[in-house]
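Scroll down for the structure; my scribbles are underneath it.
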Number of protein chains: 2
Amino acid sequence: MSDVLIPAPPVAVPPQGLSIGDAARAVGLSVDTLRYYEKEGLLLDPAPRDGGGRRRYGEHDLAWLAGLVMLRETGMSIADVRVMADLSRRAGTEAERLVVLERHRERVVAEMERTRRHLAALDTKIASYRAASGGYDASPHSPHSPDDQEEGPR
Amino acid sequence: MSDVLIPAPPVAVPPQGLSIGDAARAVGLSVDTLRYYEKEGLLLDPAPRDGGGRRRYGEHDLAWLAGLVMLRETGMSIADVRVMADLSRRAGTEAERLVVLERHRERVVAEMERTRRHLAALDTKIASYRAASGGYDASPHSPHSPDDQEEGPR
DNA sequence: GCTTGACCTGGAGCGCGCTCCAGGTCGCAT
DNA sequence: ATGCGACCTGGAGCGCGCTCCAGGTCAAGC
């Protein structure tokens with residue numbers, strides 16, 4: 001069975017698979033990046049080749065790629081993605097994969113929280129500039145510095 | 001005049017200013033990075049020096065640095081921070097600074113939104129691993145791929 | 001049969017953002 | 001006066017993640 005747990009695959013995949021160009025478009029990477037990832041061992045296996053030695057990406061490959069992109073876009077390093085790939089090639093490593101994912105999740109959440117706080121500071125800053133320009137005109141003693149309060153007491 | 005709009009400065013600054021080491025600690029950067037930023041023109045001015053040619057960071061400098069860190073941590077490039085610094089050195093550029101900040105804000109918000117969606121996918125993935133390991137045991141045909149659905153219809 | 005364009009491989013190059021190093025100075029404590 | 005640690009400058013080096021290039025093959029359309 002090996003059903004790939006993907007309700008909505010990123011794109012319709014014909015039986016003979018997608019060319020590297022189409023696959024790249026489908027997952028939002030460049031052709032070069034796709035080849036680079038393969039070289040770096042981030043794929044479960046090198047993409048299967050057709051008669052002429054060209055890569056053909058099946059649903060399976062596309063599914064993995066979509067997940068890979070998700071990990072990369074949440075800031076997982078190439079090295080850590082490789083760890084996931086290495087684990088995923090071996091059966092019985094589910095617990096370890098889970099650990100990697102959970103650790104990653106923690107980092108993502110922490111990072112979002114920090115960004116959220118910085119965004120609040122940015123908003124305050126923007127508001128002060130808006131007030132300055134909207135109030136009258138920019139005063140000669142301009143509001144210096146891109147700063148603003150960040151968090152509460154330190 | 002020239003009040004720096006900082007309710008809560010990041011740290012208490014003695015009248016003679018902070019050494020580069022203390023300033024670095026205060027804003028969470030390395031000493032090298034602080035010197036690098038100065039070299040790159042990200043500060044409003046090179047930090048003032050004491051008799052022996054050593055940098056002394058005043059409240060003003062610390063305030064700018066705090067803002068700079070906020071911009072960097074929300075993903076603004078060195079180049080764009082330099083633009084902000086260049087603008088902030090000239091009076092009457094408030095509107096332009098506002099544009100830069102607003103554009104940056106848009107990017108940050110978009111980025112957070114993408115991360116939020118990816119995080120949801122990550123959570124689904126984690127849940128499926130938890131179910132697999134908790135349910136019974138990892139089945140031989142293990143849940144392949146770090147993937148999962150991402151967004152709804154494309 | 002020929003052109004065109006997408007693809008192949010191996011490897012070099014690059015932009016970013018630091019980080020480190022060599023060789024030296026300063027100032028405080030012993 | 002002598003150490004010591006923190007600081008100085010200019011410049012080299014580096015890790016990451018691609019991106020580009022040369023030189024070649026292959027398949028399809030004209």
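Chain letters run A, B, ... following the sequence lines, proteins first and then strands; every chain starts at 1.
Following rounding to the nearest Å, A/Asp32 (CG) and C/dC8 (C1') show an atom-to-atom distance of 12 Å. Nucleotide C/dA6 holds its C1' atom 14 Å from the CG atom of A/Leu34, rounded to whole Å. Atom CG in B/Leu18 sits roughly 11 Å away from atom P in D/dC7 (whole-Å rounding). The interatomic distance linking B/Leu68 (CG) with C/dG17 (P) rounds to 12 Å, in whole Å. In this entry the distance linking CD1 of B/Ile20 with C1' of D/dG5 reads 15 Å, nearest Å. One atom, CG of B/Asp50, and another, C1' of D/dC7, lie 9 Å apart when rounded to the nearest Å. Going from atom OH of A/Tyr57 over to atom C1' of C/dC8 covers 12 Å, rounded to whole Å. Separating the CZ atom of A/Arg49 from the C1' atom of D/dC26 is a distance of 15 Å, rounded to the nearest angstrom.
For the pair A/Ser19 and C/dC7, the criterion of a side-chain N or O lying under 4.0 Å from OP1 or OP2 is met. Residue A/Arg82 places no side-chain N or O under 4.0 Å from the OP1 or OP2 atom of D/dC16. Not one side-chain nitrogen or oxygen of B/Ser30 sits closer than 4.0 Å to the OP1 or OP2 atom of C/dC18. Taking side-chain N and O atoms only, A/Thr33 has a distance below 4.0 Å to OP1 or OP2 of D/dT19. Between B/Arg54 and C/dG24, a side-chain N or O to OP1/OP2 separation shorter than 4.0 Å is absent.
Between B/Leu62 and B/Ala26, the shortest heavy-atom contact is CD1-CB, 4.0 Å. Nearest heavy atom pair, residue A/Leu29 against residue A/Thr33, reads CD2-CG2, 4.3 Å.
Residue B/Arg72 is in sugar-phosphate contact alone, with no base atom involved, counting any heavy-atom pair closer than 4.0 Å across all strands shown.
Comparing A/Ser77 and B/Val31 along DNA chain D, the residue whose closest nucleotide (by nearest heavy atom) sits nearer the 5' end is B/Val31.
Contacts between residues 35-43 of chain A and DNA chain C, defined by a heavy-atom separation under 4.0 Å, are made by A/Arg35, A/Lys39. Within residues 105-112 of chain A, no residue has any heavy atom closer than 4.0 Å to DNA chain C.
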Exercise. What do the steps show when you test B/Arg107 against B/Asp80 for salt bridge (charged side-chain N to carboxylate O under 4.0 Å, His left out), and what is the final call?
Worked result: CA-CA 13 Å; B/Arg107 281 194 299 265; B/Asp80 281 359; 3.5 Å; yes

For this session: Step by step, work out the salt bridge (charged side-chain N to carboxylate O under 4.0 Å, His left out) result for A/Arg116 and A/Glu111.
Result: CA-CA 8 Å; A/Arg116 211 195 47 68; A/Glu111 163 70 19; over 6 Å; no

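A 4.5 Å side-chain heavy-atom check between A/Arg49 and A/Arg54 finds every atom pair outside the cut-off. No side-chain heavy atom of B/Val13 sits under 4.5 Å from any side-chain heavy atom of B/Tyr57.
Annotation: salt bridge (Lys or Arg N to Asp or Glu O under 4.0 Å) contacts involving residues 61-70 of chain A, sequence neighbours excluded, are absent.
Judged by distance alone, the side chain of A/Arg89 and the main-chain N or O of A/Leu44 form a donor-acceptor pair under 3.5 Å. A donor-acceptor contact shorter than 3.5 Å is absent between the side chain of B/Thr93 and the backbone of B/Glu96.
Under the 4.5 Å side-chain heavy-atom criterion for ILVMFWY residues, no single connected hydrophobic cluster contains both B/Val99 and B/Leu87.
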